[in-house]
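Scroll down for the structure; my scribbles are underneath it.
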Amino acid sequence: MGTQLDLNNYFESYLKKEPLFRNKKVLQINYTPDDIPHRVNQINSLAAVLAPTLRKEKPSNVFIYGKTGTGKTLVVQHILEKLLEMARNKQIPLKTIYLNCKLKKIADTEYRLIAELAKAMGREVPPTGLPTDEVYNIFIKIIDQKEQILVLVLDEIDRLVEKTGDEILYNLTRLNSHLQKAEISFIGISNDVRFIENIDPRVKSSLSEEELIFPPYNAEELRDILKKRSTIAFKEGAVLDGVLEKCAAYAAREHGDARRALDLLRVAGEVAERSDADKVTQEHIDKAEERIEKDRVLEIIITQPKQSQCVFYAILLKLENTDQKIETGEVYETYKDICIQTGLAPLTQRRVSDLLSELDMLGLINGKVISKGRYGRTREIYLTIPKDILDKIKTKLKEELL
DNA sequence: CGAGATTCATGTGAAGTATACCTTTAGGCTTAA
DNA sequence: AAGCCTAAAGGTATACTTCACATGAATCTCGTA
């Protein structure tokens with residue numbers, strides 16, 4: 001009875017409470033503002049490159065570099081959107097596909113990438129069983145049905161090449177020679193600036209006819225961005241002075257990641273709202289940071305296959321007390337124990353070694369291969385996750401595994 | 001004492017295996033003429 | 001006889017295993033000063 005009443009009261013007071021947000025969407029990652037500050041040059045350059053599509057000419061391939069959260073994806077999508085709109089009005093057959101290669105199970109092999117492209121064009125391809133050439137043929141056939149220009153955006157392309165080699169890029173660039181009517185241009189987006197140096201020179205020249213660099217935002221620019229968005233997102237006076245500055249400073253520390261800054265501000269707002277505060281304060285930002293990190297890690301972990309989770313859990317257990325660093329052998333031993341407990345068939349150490357590399361790439365751990373001379377050679381493993389959220393992650397992982 | 005050989009514990013590459021799934025094909029059954 | 005369904009055959013991608021070899025500095029060995 002009591003709880004019923006409490007609940008009613010709770011909802012009542014929830015409704016009465018003045019929300020801090022006016023329009024939270026503005027702070028969410030998929031929001032595309034009309035006005036992108038401090039990226040005028042990049043926008044203009046990219047627009048200049050892509051403009052020929054409106055004359056039904058194939059635009060040059062572009063390569064874009066920049067760290068995460070420097071607005072690469074945002075700018076590209078913004079321009080493509082405008083371009084598409086214009087093309088629609090003028091009856092120009094333009095089609096764009098955006099693909100993020102980082103997402104596991106979406107495009108981490110050549111086969112899956114092409115399959116995904118075909119799917120984006122409206123043709124489902126089975127997950128396995130077909131020869132890769134066949135999938136290419138399907139894709140070629142479907143886009144070559146009519147005259148059109150296709151702009152293909154491959155986000156985080158460095159991840160893909162790292163996993164599968166650069167042959168795939170070569171195949172992609174040669175795609176045009178198989179097409180009669182349609183034409184394809186590529187926009188490659190990479191977080192790694194050195195990426196293009198290490199690929200086949202033939203591919204390099206054709207894929208990066210144009211290059212575009214997105215430098216990190218500095219604290220001032222970040223503050224500017226936050227300011228613009230927060231005036232739309234929050235009620236007036238809902239954000240205490242200095243909060244935006246702190247957000248900007250935090251994010252600037254992380255190589256000027258605007259996405260992070262916005263996330264931080266949004267979550268801080270949510271935290272503030274939940275704790276009944278009438279203003280967003282600096283303390284809320286600290287809490288927000290913790291929560292974001294926890295969510296990020298959890299998000300990665302739960303989308304990981306069981307075996308990887310198990311390996312990661314083993315690392316957590318080991319590092320919980322040891323605090324310093326551990327080695328592959330120790331991890332493998334605990335991993336096997338966990339497998340026995342959970343009834344999971346243990347993988348070989350060879351495979352676990354690969355899984356460890358993957359966890360490294362995901363940024364959950366930090367592995368360094370070192371030689372200890374007489375005492376062999378191993379991978380030293382550190383956690384990259386702050387200690388304070390370790391417990392929560394551990395419990396979550398525990399229920400996930402059992 | 002120092003140069004070279006040895007050694008350890010695991011990294012790493014290549015090739016093989018198991019599994020899941022695809023298309024094609026052949027056989028058998030049904031159906032319509 | 002033509003059409004349709006099903007099961008087997010033949011093929012592929014992917015995740016994993018097996019085998020074999022590569023690594024690289026601490027330690028050992030042994031010739032030499």
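Labels below follow one simple rule: chain letters A, B, ... track the order of the sequence lines, proteins then strands, and each chain is numbered from 1.
- Taking the centre of each ring, A:Phe186 and A:Phe63 stay at or above the 6.0 Å mark.
- Rounded to a whole Å, the CZ atom of A:Arg351 is 14 Å from the P atom of B:dG13.
- Dashed line: the shortest gap from a side-chain N or O of A:Arg377 to OP1 or OP2 of B:dC8 is not under 4.0 Å.
- Considering only the side chain of A:Thr128, B:dA20 comes nearest among B:dT12, B:dA20, C:dC16.
- One can place CZ of A:Arg379 at 16 Å from P of C:dT23, the figure rounded to the nearest angstrom.
- Atom CD of A:Glu167 sits in a sparse spot, with 12 or fewer heavy atoms from other residues, nucleotides or ligands closer than 6.0 Å.
- The phosphate of C:dT14 has OP1 or OP2 within less than 4.0 Å of a side-chain N or O from A:Thr109.
- A:Arg374 has no side-chain polar atom (N or O) that falls below the 4.0 Å cut-off from OP1 or OP2 of C:dT27.
- Using a 4.0 Å cut-off between charged nitrogen and carboxylate oxygen, A:Glu327 and A:Arg379 do not count as a salt-bridge pair.
- Rounded to 10°, the angle separating the first-five-pair axis and the last-five-pair axis of the helix from B:dC1-C:dG31 to B:dT31-C:dA1 equals 20°.
- When rounded to the nearest whole Å, the span between CD of A:Gln304 and P of C:dA15 equals 12 Å.
- Across the protein-nucleic acid pair, A:Ile370 atom CD1 and C:dA22 atom P stand 22 Å apart, rounded to whole Å.
- In this structure, A:Leu344 atom CG and C:dA15 atom C1' are separated by 14 Å, rounded to whole Å.
- Rounded to an integer number of Å, the gap from CZ of A:Arg350 to P of B:dG13 is 8 Å.
- Taking side-chain N and O atoms only, A:Tyr375 has no distance below 4.0 Å to OP1 or OP2 of C:dA25.
- Taking every side-chain heavy atom of A:Pro127 into account, B:dC21 is the closest of C:dT17, B:dG13, B:dC21.
- One finds a side-chain N or O of A:Thr348 lying less than 4.0 angstrom from the OP1 or OP2 phosphate oxygen of C:dT17.
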Pairs of donor and acceptor atoms involving the side chains of residues 393-402 of chain A, under 3.5 Å and at least two apart or interchain, shall be tabulated with distances.
{"residue": "A:Lys394", "atom": "NZ", "partner": "A:Glu320", "partner atom": "OE1", "Å": "3.3"}
{"residue": "A:Lys394", "atom": "NZ", "partner": "A:Glu320", "partner atom": "OE2", "Å": "2.5"}
{"residue": "A:Thr395", "atom": "OG1", "partner": "A:Asp391", "partner atom": "O", "Å": "3.1"}
{"residue": "A:Thr395", "atom": "OG1", "partner": "A:Lys392", "partner atom": "O", "Å": "2.8"}

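- Listed nucleotides B:dC22, B:dG11, C:dG24 differ in distance to A:Leu130; the shortest reach to its side chain belongs to B:dC22.
- The aromatic rings of A:Phe234 and A:Phe21 lie parallel to each other, their planes meeting at an angle below 30°, with 60° marking the opposite boundary.
- For B:dT10, neither phosphate oxygen OP1 nor OP2 lies less than 4.0 angstrom from any side-chain nitrogen or oxygen of A:Thr328.
- In this structure, the side chains of A:Ile300 and A:Gln304 come closer than 4.5 Å at one or more pairs of heavy atoms.
- Under the 4.0 Å criterion applied to side-chain N and carboxylate O atoms, A:Asp35 and A:Lys228 are assigned as salt-bridge partners.
- For the pair A:Gln307 CD and C:dA15 P, the computed distance is 13 Å after rounding to whole Å.
- No donor-acceptor contact under 3.5 angstrom links the side chains of A:Tyr170 and A:Asp200, judged on distance only.
- The A:Thr132 side chain lies nearest to C:dA13 when the options are C:dA13, C:dA15, B:dC8.
- By the neighbour-count criterion of 12 heavy atoms within 6.0 Å, atom CG of A:Asn89 is densely surrounded, having more than that number from other residues, nucleotides or ligands.
- Protein atom CG of A:Asp133 is 12 Å distant from nucleotide atom C1' of C:dA13, rounded to whole Å.
- Between B:dC22, C:dT17, B:dG11, one nucleotide has an atom nearer to the side chain of A:Ser353 than all others, and that is B:dG11.
- Looking at A:Asp263 and A:Arg266, a side-chain N of the basic residue comes within less than 4.0 Å of a carboxylate O on the acidic one, giving a salt bridge.
- Taking a 4.0 Å limit (strictly below) on heavy-atom distances, residues 359-367 of chain A does not reach DNA chain C anywhere.
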